There are 2 protein chains.
Amino acid sequence: MFALPQTTPQPPSPGRPSVLRPDDGRLERGRRSRERIREAARALFRERGFDGTTLRAIGARAGMGASSIYRHVRSKEELLVQELAELQEEAWNRFRLHDDREAPTRARVRRFFQTQHDLLAEVPDLTVIALRATTYPHARVARRVLALNERTIGLLAEILQGGRVRRDLGGDVDVLVAARALFHVASGARLSWANGLVTEVGCRSDIDASVDLLFRGIGADETR
Amino acid sequence: MFALPQTTPQPPSPGRPSVLRPDDGRLERGRRSRERIREAARALFRERGFDGTTLRAIGARAGMGASSIYRHVRSKEELLVQELAELQEEAWNRFRLHDDREAPTRARVRRFFQTQHDLLAEVPDLTVIALRATTYPHARVARRVLALNERTIGLLAEILQGGRVRRDLGGDVDVLVAARALFHVASGARLSWANGLVTEVGCRSDIDASVDLLFRGIGADETR
DNA sequence: CCGATTATGCGATCTTGTTCGCGTTGCCCC
DNA sequence: GGGGCAACGCGAACAAGATCGCATAATCGG
């Protein structure tokens, strides 16, 4: 349904991938540089956080000037989005690995968020900076993050759809609307966590509570 | 329940309000300056948007250097948060003005979001930048925005609580969790709107759909 | 009136993400 | 093997938010 994020080390850089000249010694060097940049950024983000990491520092660790980074990346945030994409992929894989399609829908949803959270917990910045990126609507990276989000929502919708065919859901529930609601509620909880309002376990139980609420509904049974 | 945002033109600036010397010609001058800054910022934000507005421009229009602004404000975003606080206050007032406490809870919630959206639509940046502010957990302004959000959530909880006593809600619904869910779902929809993924009316109907969903619940009636 | 205190303003400066123009280098084609 | 073409890297420079030290002025205690 959605385009897979390109995690292969193809040149995802500004210029087109130059299909005319498929490979090249220069391109090889470029790939190595990109790899060094990615590693340096990844390490520094974990050491000092996103905002504490300067492009000059990344460049220094990657053995190049700060401006050269822009040969390979369009913005600082793109470096983090790469990580986000990988982490999401990993989360999906882990989830699917032990996913029981016959389990109650609500349980599957909860387990998905738990799996995702296990990974997210290691890099608290990720969620927050991704969210921040979406607040720059003109930037390309915003659309990239939104696409990633949409993909997660798609997976949630898939889970829900599985429940629908098993009559596990209310009959007239719009699966996509529901998936979006689940996603945003979880994001909100994680934002509180990132701001130190709740602990990590608090965040988890908030998410669980919200999922339960969404399944049960706010309204009184059968009335209005 | 929550501390009211201080909208009175008391010096909310970095230094303490200097209670020892309650007023002063200088303080008077400062108040006027703050007012000019606020007006200039407000106008420029509407003309060019938040990111398109430079502090030097604000300073120029307010008749002072850019650095002087920091005597009255701790960051650029704080200028916008002031607006957000006012706008929320206005939204609450408008809502309460025509609020029918006997109306069905769901209808009240929907009307609240509509009222809020009427105002928000005039300054599309507001929601987004406020959200962005919360992605800088170290900044004071983040906590300020979170407090404002918490206040909105509180109002929603109040509405829900009203419904609970009338048996309008499911018996075991945690009012605060539900309010939070409503809030975050609406924020998510507005984020899509700000990113041009949906039109304003689309955003409104998305919110309505989400509210309906939250009231009805995702799960099948009475089962699991 | 005097010194101390303090709110305000200013310009220089810093920081950091980002852009720009230039030079270098490996590759292809003739 | 020479010219052309990109990819790459670099240092200078820019933009804009923020900080700093200094200057000014208003007030107060004495």
Side-chain angles (χ1 to χ4, degrees), chain A residues 10-37 41 44 48-60 62-80 129 132-133 136 138-141, chain B residues 10-37 41 44 48-60 62-80 129 132-133 136 138-141:
Chain A
Q10 271 188 17
S13 37
R16 305 133 231 100
S18 150
V19 193
L20 301 176
R21 194 183 304 175
D23 205 344
D24 197 313
R26 293 172 298 178
L27 300 187
E28 179 51 32
R29 179 163 74 128
R31 262 193 297 275
R32 273 198 296 268
S33 294
R34 263 189 291 282
E35 191 51 32
R36 287 201 320 274
I37 291 170
L44 285 169
R48 317 183 195 169
F50 183 82
D51 290 324
T53 299
T54 192
L55 275 170
R56 285 159 177 88
I58 297 176
M64 62 192 343
S67 62
S68 306
I69 295 176
Y70 283 82
R71 290 278 176 215
H72 306 280
V73 149
R74 284 203 255 223
S75 75
K76 184 187 176 186
E77 313 205 327
E78 203 172 281
L79 284 168
L80 202 81
I129 311 297
R132 185 192 300 171
Y136 294 89
H138 307 301
R140 297 161 291 274
V141 69
Chain B
Q10 270 188 16
S13 38
R16 306 135 230 97
S18 149
V19 192
L20 301 174
R21 195 183 303 177
D23 207 344
D24 195 311
R26 291 171 299 178
L27 300 186
E28 178 52 32
R29 179 163 72 125
R31 263 193 296 275
R32 274 198 295 269
S33 294
R34 263 189 290 281
E35 191 51 33
R36 289 203 318 276
I37 290 170
L44 285 169
R48 315 183 197 169
F50 183 82
D51 290 324
T53 300
T54 194
L55 275 171
R56 285 156 176 91
I58 297 175
M64 61 193 339
S67 63
S68 306
I69 295 177
Y70 284 85
R71 288 283 177 212
H72 307 280
V73 149
R74 284 202 256 222
S75 73
K76 184 187 177 188
E77 313 204 328
E78 204 173 280
L79 285 168
L80 202 81
I129 312 295
R132 187 191 299 172
Y136 294 88
H138 308 299
R140 297 159 292 277
V141 69

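From a predicted model like this one, the values you see are computed outputs, not experimental measurements. Quick note on labels: first sequence line is chain A, next is B, and so on, each numbered from 1.
Every ring-ring contact (aromatic ring centres under 6.0 Å, His included) that Phe50(B) has, sequence neighbours left out, goes to Phe45(B). Residues satisfying the side chain to side chain contact (heavy atoms under 4.5 Å, CB included) test with Arg140(A), not counting sequence neighbours, are Arg74(A). Looking at residues two or more places apart in sequence or on another chain, you find a side chain to side chain contact (heavy atoms under 4.5 Å, CB included) between Ala57(A) and Leu44(A), Arg48(A), Thr54(A). Qualifying side chain to side chain contact (heavy atoms under 4.5 Å, CB included) partners for Ala139(A), counting only residues two or more places apart in sequence or in other chains: Tyr136(A), Val141(A).
In this structure, OH of Tyr136(B) is placed 14 Å from P of dT16(C), rounded to the nearest angstrom.
Inter-axis angle, ends of the helix from dC1(C)-dG30(D) to dC30(C)-dG1(D), five pairs per end, rounded to 10 degrees: 10°.
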Test log, rule side-chain contact (heavy atoms from CB on, under 4.5 Å), inputs Ile58(B) and Leu79(B): CA-CA 10 Å; Ile58(B) 297 175; Leu79(B) 285 168; 3.9 Å; yes
Classify every nucleotide of nucleotides 9-18 of chain D by which part a protein heavy atom approaches to under 4.0 Å, writing B for the base, S for the sugar-phosphate alone and - for neither, in 5'-to-3' order. BBB-B--BBB
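For the atom pair CG (Leu80(B)) and CD1 (Ile129(B)), the distance works out to 6.5 Å, reported to the nearest 0.5 Å. Taking NZ of Lys76(A) as the start and OG1 of Thr53(A) as the end, the distance is 6.0 Å to the nearest 0.5 Å.
Here the side chains of Asp51(A) and Arg132(A) are in contact, with some heavy-atom distance below 4.5 Å.
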